[in-house]
J.: 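Provided herewith is a single structure, encoded as structure tokens, for subsequent inquiry.
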Amino acid sequence: MSDHPGSPAPDSVSADARAAFERDGFHFLRTLFSPNEAAEWRERINAILELPTGHAAAVAGATHTLADGITTNSEFWPIIFNERLLSTVRALIGDEIRYTQHSDLHINLPGGRWHRDNACREFGVGADWDERVQPYRVVRIAIYLSNFSDSGSSLVVLPGTHRRETRLGRREYVLWNKTRTFMRKYGHNEKLPHWFITNPRRVIRTQPGDCIIFDQRLTHAGGVLGGPNPKYAMYLSYGLDNTHSQNHRAFFLNRPTYSRELPPKLEAKLAAHNLLLGHKPNTE
Ligand SMILES: O=C(O)CCC(=O)C(=O)O
């Protein structure tokens, strides 16, 4: 695979798409990788997790995760430097983006609770919500490698919740999550769909190679699994070179599962591509 897989001419993001990202908090980038490339990424995930090869190597239903799997395994680094991904993220949040790590590899993560991925998860509370000095521009990249039709692969988002949340919306969020905890306890997690009454909801059904770019503050949940094949997904993050991005990276580095030190070769490559957070490029 080349250094920039799945990278034909960089996409331009229309003014309408940019406005929709500002308003809704997410952007759907179809086919970042071709179906063949998606199959290759699935194989790499199988290999790293020491699973047999083949699309359904991971039995549907069996969950495997590797926190920071993209950062710590060099065969996944081409994703970080993918030109089409970088140009789309730059078009959405600004030119001076940096790699904010927060990467994961997942197989069959079960349908999840509503949550945000940022450091200050309660709406309006904490530094992430204070944009008086610097704009919050940290995005999560979710790349799906499976088809909704045979695995249930999907992400459910509540558009606009990176900018607003009503009291009623908060109550509804808590109620659904309590219900999910209860259903999980009795082994019925996948029977509970992701409904939401007090905010519009969007179910993004994926095909292999699709990518969703979303504000880390957007309320979302992994869709319920379903079908004979497993759901494979890869995640990473970028942000503008500012304190919000630094806070975000620091928040995840405090978790024991994320690598505190970047692999030196990745650090050098990020610096060379002006993607290293907090690094001042040598302009002489
Ligand atoms: O399973 C998914 O697609 C979503 C996972 C997720 O919400 C997360 O990693 O924050």
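Both counts, for ligands and for their atoms, begin at 1 and track the order of listing. Everything quoted here is computed from the prediction, not taken from an experiment.
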J.: Please list, in number order, the atoms of ligand 1 under 4.0 Å from a heavy atom of H220.
T.: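 Matching atoms, with element in brackets: 6 (C), 7 (O), 10 (O).
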J.: Write out the residue and atom name of the closest protein heavy atom to atom 1 (O) of ligand 1, then the distance separating them to 0.1 Å.
T.: K231 NZ, 3.2 Å
J.: Can you list the ligand 1 atoms lying under 4.0 Å from a non-hydrogen atom of D117?
T.: 10 (O)
J.: Between E96 and R90, does any side-chain N to carboxylate O distance fall below 4.0 Å?
T.: no
J.: Among all protein heavy atoms in this structure, tell me which lies nearest to atom 2 (C) of ligand 1, with the distance rounded to 0.1 Å.
T.: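 Heavy-atom neighbour on the protein nearest atom 2 (C) of ligand 1: Y235 OH, 3.1 Å.
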J.: Taking the six-membered ring of Y144, is NZ or CZ of K231 closer than 6.0 Å to its centre and within 45° of its axis?
T.: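 No, K231 does not sit over the ring of Y144.
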J.: Suppose I only count heavy atoms of H106 and a 4.0 Å limit; which atoms of ligand 1 are within that range?
T.: 9 (O)
J.: Charged N to carboxylate O under 4.0 angstrom, R42 versus E37?
T.: no
J.: I need the nearest protein heavy-atom contact for atom 9 (O) of ligand 1: residue, atom name and distance, please.
T.: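 Closest protein heavy atom to atom 9 (O) of ligand 1: R140 NH2, 3.2 Å.
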J.: Can you tell me the protein heavy atom closest to atom 3 (O) of ligand 1 and the distance?
T.: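 Answer, as residue, atom name and distance: Y144 OH, 2.7 Å.
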J.: Would you say the side chains of T100 and S245 form a donor-acceptor pair under 3.5 Å?
T.: no
J.: Please work out whether the ring planes of H194 and W114 are parallel, tilted or perpendicular, with thresholds of 30° and 60°.
T.: perpendicular
J.: Establish, for the pair R170 and Y173, whether the NZ or CZ atom is under 6.0 angstrom from the six-membered ring centre and no further than 45 degrees off its axis.
T.: yes
J.: Taking only heavy atoms of G222, which atoms of ligand 1 are found under 4.0 Å from at least one of them?
T.: 1 (O), 2 (C), 3 (O), 4 (C)
J.: Say whether D104 and ligand 1 are in contact under the criterion: heavy-atom distance to a ligand atom below 4.0 Å.
T.: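 The answer is no: ligand 1 sits nowhere under 4.0 Å from a heavy atom of D104.
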J.: Indicate yes or no: does an N/O atom of H115 lie under 3.5 Å from an N/O atom of ligand 1?
T.: yes
J.: In terms of side-chain geometry, is the basic nitrogen of E122 or R217 positioned less than 4.0 Å from the acidic oxygen of its partner?
T.: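 Salt bridge flag = no for R217 with E122.
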